[in-house]
Protein chains: 2
Amino acid sequence: MPRPKTRIQIRNSETILEAALDVFSAHGFRGATLDQIAEVAGLSKPNLLYYFPSKEAIHHALLTRLLATWLDPLRDMDAAGDPVAEVMGYVRRKLELSRDYPRESRLFAIEILQGAPRMREAIEGELKALVAQKAKVLQTWMDEGRIARLDPVHLVFSIWALTQHYADFDVQVRTVLGDGRDPYAEAGAFLETLYTRLLAP
Amino acid sequence: MPRPKTRIQIRNSETILEAALDVFSAHGFRGATLDQIAEVAGLSKPNLLYYFPSKEAIHHALLTRLLATWLDPLRDMDAAGDPVAEVMGYVRRKLELSRDYPRESRLFAIEILQGAPRMREAIEGELKALVAQKAKVLQTWMDEGRIARLDPVHLVFSIWALTQHYADFDVQVRTVLGDGRDPYAEAGAFLETLYTRLLAP
DNA sequence: ATGGGTTTTGACCATACGGTCAGATGTTGC
DNA sequence: GCAACATCTGACCGTATGGTCAAAACCCAT
């Protein structure tokens with residue numbers, strides 16, 4: 001039960017988290033069952049509970065691991081870089097995250113939607129602090145007249161909303177677009193246009 | 001059990017749906033329990049099941065009722081009106097919907113997030129058809145050079161994403177903004193700027 | 001007031017679920 | 001080869017949950 005040490009522990013913990021991501025992101029915390037996760041992982045239920053003390057613990061491990069990945073693209077927005085290019089880079093990286101890690105996006109979305117019962121502190125701490133820091137960077141760029149003057153926090157919200165939409169509402173997006181289209185390629189082009197126009201000073 | 005007829009039936013069906021909206025939007029379908037709904041409604045569990053044959057039926061009734069309300073603002077976008085004003089009007093109405101009916105927004109979001117298991121047909125039918133129709137209107141406006149040339153469907157997606165974000169991620173929005181701010185007022189101003197710049201031909 | 005329909009409920013049932021445990025099976029260092 | 005430890009499992013438990021039912025309470029037109 002201590003943090004993974006042996007080869008088997010590392011491998012099985014990984015297998016379990018991977019399976020749990022599948023199931024939690026598809027059905028939510030309450031909707032997911034240990035039996036389902038065990039099935040997907042190819043392990044027995046008691047064996048899951050040999051590696052993690054509870055269902056809660058699995059979920060918590062997933063969310064913790066997720067948050068870092070999720071915030072990295074914003075962290076990479078560099079105060080020393082070219083303002084427009086930096087924001088556009090953030091938009092692009094965030095959209096790639098939606099495309100490549102849709103399950104993570106949905107897991108996050110479900111958690112926030114339900115009031116973030118298991119993530120409150122992370123949001124109030126790490127996430128809020130990072131946004132505050134980057135908002136300051138954006139504000140400086142605006143004050144210098146290098147990008148249009150906007151509310152920097154709402155600018156960040158808009159990036160989150162527009163990129164995550166494609167992962168979280170995937171079913172709707174694909175249904176409405178119809179077959180034979182590439183949602184993410186089109187989204188990339190659309191968002192490029194949108195932010196080019198929005199940010200122009 | 002037949003559709004509401006007597007006063008009592010109308011009143012209690014309403015009470016149940018109202019309570020169910022509270023509980024389903026907060027915990028998702030699986031996370032909600034009939035006991036919770038009964039408690040909020042101030043009725044006994046067997047009494048709920050006197051008015052609706054099952055938990056599924058309550059959920060289904062809610063979603064059906066919701067969809068119409070949800071699509072109305074888009075329906076009201078008038079091909080004969082001024083293009084920019086019509087789109088801005090849609091954005092404004094949709095944001096008001098998020099502000100005034102956040103539970104409905106979350107219920108919808110949870111459903112789509114989980115693959116729309118109980119709404120597939122409505123999305124493939126009514127919703128898809130309406131978007132196709134309005135996309136044509138937008139395309140005409142673009143062809144006439146009255147608004148900027150963009151992918152009309154992604155334009156609609158952007159409106160959904162940006163407005164629903166404020167209802168669905170309410171906890172995050174309020175936490176990041178901090179106290180003493182009015183998320184919806186600020187969002188209104190931000191979106192006004194955004195779409196003004198985006199739509200300018 | 002009374003009889004027939006409507007509404008409400010306490011008690012109950014079957015199932016599903018998270019979690020436990022004693023013991024079986026595997027693995028590894030010596 | 002074997003002791004010591006790590007990994008795994010079948011059987012089981014208590015509780016929660018969706019749903020049923022017979023009977024009670026209520027309502028209302030006559």
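In the text below, chain A, chain B and the rest are named by the order of the sequence lines, each starting its count at 1.
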Please work out which residues in residues 27-37 of chain B have a non-hydrogen atom less than 4.0 Å from an atom of DNA chain D and list them by number.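 Hits under 4.0 Å, by residue number: B:Ala32, B:Thr33, B:Leu34.
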Residues A:Tyr166, B:His154; criterion ring pair (Phe, Tyr, Trp, His ring centres under 6.0 Å); working and verdict: CA-CA 10 Å; A:Tyr166 289 93; B:His154 287 271; 5.6 Å; yes
Answer yes or no: are there more than 12 heavy-atom neighbours, outside [X] itself, under 6.0 Å from its atom [atom1]?
X	atom1	value
A:Glu144	CD	yes
A:Glu96	CD	yes
B:Glu192	CD	no
B:Glu39	CD	no

Nucleotides 8-13 of chain C: which of its N/O atoms have a protein N/O under 3.5 Å away?
{"unit_1": "C:dT8", "atom_1": "OP1", "unit_2": "B:Asn12", "atom_2": "ND2", "d": "3.4"}
{"unit_1": "C:dT8", "atom_1": "OP2", "unit_2": "B:Asn12", "atom_2": "ND2", "d": "3.0"}
{"unit_1": "C:dT8", "atom_1": "OP2", "unit_2": "B:Asn47", "atom_2": "OD1", "d": "3.3"}
{"unit_1": "C:dT8", "atom_1": "OP2", "unit_2": "B:Asn47", "atom_2": "ND2", "d": "3.2"}
{"unit_1": "C:dT8", "atom_1": "OP2", "unit_2": "B:Tyr51", "atom_2": "OH", "d": "2.5"}
{"unit_1": "C:dT8", "atom_1": "O5'", "unit_2": "B:Asn47", "atom_2": "ND2", "d": "3.2"}
{"unit_1": "C:dT9", "atom_1": "OP2", "unit_2": "B:Ser44", "atom_2": "OG", "d": "3.1"}

Give the intermediate values and the outcome of salt bridge (charged side-chain N to carboxylate O under 4.0 Å, His left out) for residues B:Arg181 and A:Asp151. CA-CA 12 Å; B:Arg181 297 183 64 169; A:Asp151 185 312; 2.9 Å; yes
To the nearest Å, give me how far apart CD (A:Gln9) and C1' (D:dT7) are.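 The distance from CD of A:Gln9 to C1' of D:dT7 comes to 9 Å, rounded to the nearest Å.
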For the residue pair B:Tyr184 / B:Ser98, report whether a side-chain donor-acceptor contact shorter than 3.5 Å exists.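 Not at all, the side chains of B:Ser98 and B:Tyr184 share no donor-acceptor pair under 3.5 Å.
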Can you name the residues that form a side-chain contact (heavy atoms from CB on, under 4.5 Å) with B:Asp179, not counting sequence neighbours?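 side-chain contact (heavy atoms from CB on, under 4.5 Å) list for B:Asp179, sorted by chain: empty.
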